Amino acid sequence: MEWLIWVGTAISLVGLAGLILSIIRVARLKKQQLADEELRAAVQKVMPLNLGSLFLSVIGLMVVMVGISFS
């Protein structure tokens with residue numbers, strides 16, 4: 001079941017990369033000094049990436065835990 005640990009690690013790393021990407025996007029938006037409503041609309045467009053990445057990270061960590069339990 002060692003392969004399960006590596007698959008879970010890969011999934012978690014993809015999720016982590018997505019989280020970093022969403023952080024970078026929001027930081028760039030804040031530097032643009034947009035109006036409040038424009039900033040809210042732009043951040044709302046980044047939210048699906050953020051939530052999807054968080055979901056991938058959690059699923060990957062669950063897969064790692066299952067792999068450790070079965071090993």
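All of these numbers come straight from a predicted model, not from anything done at the bench.
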If you round to the nearest 0.5 Å, how far is CG of Leu19 from CD1 of Ile24?
11.0 Å
Does one hydrophobic cluster hold both Val7 and Val14, with members joined at side-chain heavy-atom distances below 4.5 Å?
yes
In terms of hydrophobic clustering (I, L, V, M, F, W, Y; side-chain heavy atoms under 4.5 Å; direct or indirect links), are Trp3 and Ile68 co-clustered?
no
Could you give all pairs that pass the side chain to side chain donor-acceptor pair (under 3.5 Å) test and reach residues 12-32, with sequence neighbours left out?
none
Spatial distance of atom CG (Leu29) from atom CD (Glu38) [nearest 0.5 Å]:
10.5 Å
Are Leu21 and Val26 connected into the same hydrophobic cluster when the rule is that any two of I, L, V, M, F, W, Y join if their side-chain heavy atoms are below 4.5 Å apart?
no
Side chains of residues 43-67: which donor-acceptor pairs under 3.5 Å do they make with residues two or more places apart or in other chains?
from	atom 1	to	atom 2	distance (Å)
Ser53	OG	Leu49	O	2.8
Ser57	OG	Leu16	N	3.4
Ser57	OG	Ser53	O	3.1

Is any side-chain heavy atom of Ile5 less than 4.5 Å from a side-chain heavy atom of Met1?
no
